[in-house]
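What follows is one structure encoded as structure tokens, with my remarks underneath.
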Amino acid sequence: MFTIATWNINSVRLREGLVARFLSEEAPDVLCLQECKSPVEKIPLEQFRALGYTHVVARGQKGYNGVAILSRLPITDAGDRDYASLGHARHVAARLENGVTIHNMYVPAGGDIPDREQNEKFGQKLDFVAEMRDVFHADNPRKSILVGDLNIAPREDDVWSHKQMRKIVSHTPIEVDHLLAAQDAGNWVDVTRQDIPAGLLYSWWSYRAKDWDAADKGRRLDHIWASGDIANAAHASRILRPCRGWDQPSDHVPVLASFDL
DNA sequence: ATGGTGGAAAATCCA
């Protein structure tokens, strides 16, 4: 069995202790982090190494973005792609010895106004996801797992209010269309929803709410997808809501899935 | 309709 986790950590240096706690308590084989906000050489790896996570593949930049794959199993660097030519560290891939490829993605948030004429960032987000679609269409993924903060909540029950969220970036119809097209182009299976098909499911709660837990205005922005050939091996998906209540938390919580591979 | 919080880095951008 193989367990993978994804977590937008919102500064890996500030939250080194939270990552270590999560690794100690859950012991996934692989943890994919987004928003490390650190150059690779400044990621604090000592404590993670001591916990058994001795294999690391990462891309970084100063202050923004940044993705890292921490693994207890040997992995090799499988490259990255500069989606939408932004020059950001938002994708890195790694390969396990069994041939499974892991894609760790951080899709742009897209700003506040859901109109590419008024807001350049929204256009960049759509372009990023459209390029994901094109890449997966040209080279159909096999034996692959894609995880990350995709910054889109596709389903009605992935947001606290479908009606009110339809005009809010992360749940607009055009973003959902783009994400589903990318998913479809690669024959990706949404593993979390395969395992937990019904009911409200969130992985992110805003810092701005007075009481995030009571208000519970969440969104499912963080995803685990599997290529069709291994999707039937996936099971035991979880979203760790309690991590949002830890001291100095990220606004995202870890999402996990296990695979019989 | 508005403003609310948090992180990095350097008094502003980004989420």
Side-chain angles (χ1 to χ4, degrees), chain A residues 6-22 32-45 58-68 82-91 104-116 118-129 147-154 158-161 163-172 175-176 178-179 202-223 241-255:
Chain A
T6 179
W7 194 6
N8 178 320
I9 195 62
N10 188 18
S11 174
V12 69
R13 282 185 275 173
L14 188 69
R15 287 185 242 288
E16 175 186 1
L18 297 194
V19 173
R21 178 179 171 184
F22 169 74
C32 294
L33 296 170
Q34 303 86 35
E35 273 207 275
C36 295
K37 293 186 171 177
S38 174
V40 172
E41 64 273 17
K42 291 191 173 178
I43 299 175
L45 294 175
R59 297 292 186 273
Q61 61 185 92
K62 192 169 125 184
Y64 301 102
N65 310 312
V67 285
D82 181 15
Y83 286 89
S85 303
L86 300 172
H88 296 173
R90 293 180 177 274
H91 169 248
N104 182 13
M105 319 249 352
Y106 175 44
V107 172
D112 288 333
I113 303 168
D115 177 350
R116 68 158 73 229
Q118 295 178 61
N119 169 22
E120 181 186 36
K121 288 196 177 69
F122 191 73
Q124 291 169 348
K125 180 180 195 175
L126 296 179
D127 293 346
F128 190 109
V129 179
V147 309
D149 176 4
L150 304 185
N151 263 316
I152 298 171
D158 290 337
V159 293
W160 65 277
S161 167
K163 187 169 184 288
Q164 291 179 72
M165 287 290 302
R166 278 177 63 88
K167 291 180 172 153
I168 305 297
V169 173
S170 73
H171 192 62
T172 63
E175 289 170 89
V176 171
H178 275 60
L179 190 70
Y202 311 141
S203 65
W204 173 90
W205 294 261
S206 173
Y207 283 126
R208 296 175 187 178
K210 278 202 183 97
D211 184 340
W212 71 273
D213 194 28
D216 201 20
K217 294 184 173 179
R219 310 175 194 172
R220 188 173 70 104
L221 304 179
D222 303 275
H223 300 265
R241 181 182 177 113
C243 297
R244 186 63 176 78
W246 288 1
D247 282 342
Q248 270 206 301
S250 170
D251 44 354
H252 296 253
V253 298
V255 179

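Below, read A as the first sequence line, B as the second, and so on, with proteins coming before strands; counting in each chain starts at 1.
- At distances below 3.5 Å, at least one donor-acceptor pair connects side-chain atoms of A:N151 with backbone N or O atoms of A:V107.
- Atom CD1 of A:I113 and atom P of B:dT2 are 12 Å apart (whole Å).
- Per the geometry, NZ belonging to A:K210 stands 14 Å off P belonging to B:dG3, to the nearest Å.
- Taking atom C1' on both B:dG4 and B:dA15, the two are 14 Å apart, rounded to the nearest angstrom.
- Of the possible polar contacts, none joining the A:H91 side chain to the A:H88 backbone as a donor-acceptor pair under 3.5 Å is found.
- When each of B:dA9, B:dT5, B:dG6 is scored by its nearest atom to the side-chain atoms of A:K62, the top-ranked nucleotide is B:dA9.
- Here the side chain of A:R90 is nearest to one of B:dA8, B:dA15, B:dC13, namely B:dA15.
- When the C1' atom of B:dC14 is taken as reference, atom NE2 of A:H88 falls 10 Å away, rounded to whole Å.
- Under 4.0 angstrom from either OP1 or OP2 of B:dA8 there lies no side-chain N or O belonging to A:Q61.
- Between the CZ atom of A:R13 and the C1' atom of B:dA9 there is a distance of 10 Å, rounded to whole Å.
- Between the side chains of A:W205 and A:D216, at least one donor-acceptor pair of N or O atoms lies under 3.5 Å.
- Rounded to whole Å, atom P of B:dC14 lies 11 Å from atom OH of A:Y106.
- No donor-acceptor pair under 3.5 Å is formed between the side chain of A:S170 and the backbone N or O of A:I152.
- In this structure, the side chain of A:S250 engages the main chain of A:N8 through a donor-acceptor pair within 3.5 Å.
- Comparing A:E35 and A:Y207 along DNA chain B, the residue whose closest nucleotide (by nearest heavy atom) sits nearer the 5' end is A:Y207.
- Among the heavy atoms of the strands lying under 4.0 Å from A:K121 are primed sugar atoms or P, OP1, OP2 only; no base atom is included.
- Distance check on atom P: B:dG3 versus B:dG7 gives 22 Å, rounded to whole Å.
- The 5' end of DNA chain B is approached more closely, in terms of each residue's nearest nucleotide, by A:S206 than by the other of A:S206 and A:P108.
- Atom P of B:dA9 sits at a distance of 22 Å from the matching atom of B:dT5, rounded to the whole Å.
- One can place NZ of A:K125 at 10 Å from P of B:dA15, the figure rounded to the nearest angstrom.
- Distance noted for atom P between B:dA10 and B:dG6: 22 Å (whole Å).
- One finds a side-chain N or O of A:R15 lying less than 4.0 angstrom from the OP1 or OP2 phosphate oxygen of B:dG7.
- Atoms CH2 (A:W204) and P (B:dT5) sit 14 Å apart, rounded to a whole Å.
- Atom-to-atom, NZ of A:K217 to P of B:dT5 comes out at 15 Å; the value is rounded to the nearest Å.
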